[in-house]
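Worksheet: the structure to be examined is printed underneath.
Along the sequence shown, residues carry numbers from 1. No hydrogens, no waters, no symmetry mates; every other heavy atom, side chains included, goes into these values.
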Amino acid sequence: MEAYLSFNGNCAEAFDFYGKCLGGKTLFSMTFGDSPMGPQTPDDYKGKIMHATFEARGKQIMGSDMPPGMPFEGYKGFTLSVQSSDVEEGRKLFDALGEGGKVTMPYAPTFWAAGFGMLVDKFGVPWMVNVQHASQ
């Protein structure tokens with residue numbers, strides 16, 4: 001299974017940001033204007049992302065901007081989780097993803113993890129960064 005994120009017109013910017021934070025890249029991207037529905041797409045929406053696939057750390061997420069006429073309602077009921085085996089790497093991932101966002105649980109050791117933190121990034125996407133104990 002892979003997560004599919006819908007954005008409020010900033011999918012390309014978000015995937016570029018995730019590439020910098022997670023050391024990943026966008027594998028595929030098509031705009032509404034370049035799609036078969038391009039001629040019917042409003043001019044101000046032609047450059048928005050109809051579909052994109054992003055890969056980092058051996059995992060993929062997909063995403064798009066909300067189609068014209070469909071309101072963006074934010075994110076509810078899920079959190080993306082990034083795993084690491086190194087506490088310092090976990091800290092770097094957490095700090096990078098949190099840039100411009102909001103920390104909801106500071107990164108710190110817990111009873112289940114050598115490092116764990118929760119945040120909402122600057123695009124409104126909720127994340128957890130988890131570093132398992134060596135014995136897990």
Which heavy atom of [X] sits nearest a heavy atom of [Y], and at what distance?
X    : Y    : result
I49  : G63  : CG2-O, 4.2 Å
A114 : V87  : CB-CG2, 3.6 Å
Y18  : D121 : OH-OD2, 2.5 Å
A96  : C21  : O-SG, 3.4 Å
S85  : V131 : C-CG1, 3.8 Å
K76  : E73  : CE-O, 3.8 Å

Quick one: [atom1] on [X] to [atom2] on [Y], what's the gap to the nearest 0.5 Å?
X    : Y    : atom1 : atom2 : value
Y107 : R91  : OH    : CZ    : 6.5 Å
E99  : L119 : CD    : CG    : 11.5 Å
M62  : C11  : CE    : SG    : 11.5 Å
S81  : M128 : OG    : CE    : 4.0 Å
H51  : M30  : NE2   : CE    : 9.0 Å
F54  : Q60  : CZ    : CD    : 10.0 Å

Problem - No-hydrogen, no-angle side-chain donor-acceptor test under 3.5 Å, E55 and T53 - result: no
Handout entry: Of all pairs that satisfy side chain to side chain donor-acceptor pair (under 3.5 Å), the ones with a partner from residues 32-50, not counting sequence neighbours
Key = T31-D34
Side-chain heavy-atom pair [X], [Y] within 4.5 angstrom cut-off:
X    : Y    : answer
L93  : R57  : yes
F17  : N10  : no
M105 : T110 : yes
F94  : V103 : yes
V129 : S84  : no
Y75  : V120 : no

Practice task
Count the heavy atoms of every other residue, nucleotide or ligand shown that sit under 6.0 Å from NZ of K122, and state whether that count exceeds 12.
Solution key: yes
Exercise for the section: Give the ring-plane orientation class for F123 versus F7, where under 30° counts as parallel, over 60° as perpendicular and anything between as tilted. Expected result: perpendicular
Exercise for the section: Start with the C-alpha distance between Y4 and S64, add both sets of side-chain angles, then the distance that settles side-chain contact (heavy atoms from CB on, under 4.5 Å), and finish with yes or no. Expected result: CA-CA 8 Å; Y4 197 103; S64 66; 3.4 Å; yes
Practice task
Any chance you could lay out the side-chain contact (heavy atoms from CB on, under 4.5 Å) test for W112 and N130, step after step, and finish with the verdict?
Solution key: CA-CA 9 Å; W112 72 85; N130 187 69; 3.3 Å; yes
Exercise for the section: Check the pair L97 / L22 against side-chain contact (heavy atoms from CB on, under 4.5 Å), numbers first and verdict last. Expected result: CA-CA 8 Å; L97 288 165; L22 302 169; 4.2 Å; yes
Handout entry: F72 with L80, same ILVMFWY side-chain cluster at under 4.5 Å
Key = yes
Problem - Side-chain donor or acceptor of T104 paired with backbone N/O of M118 under 3.5 Å - result: yes
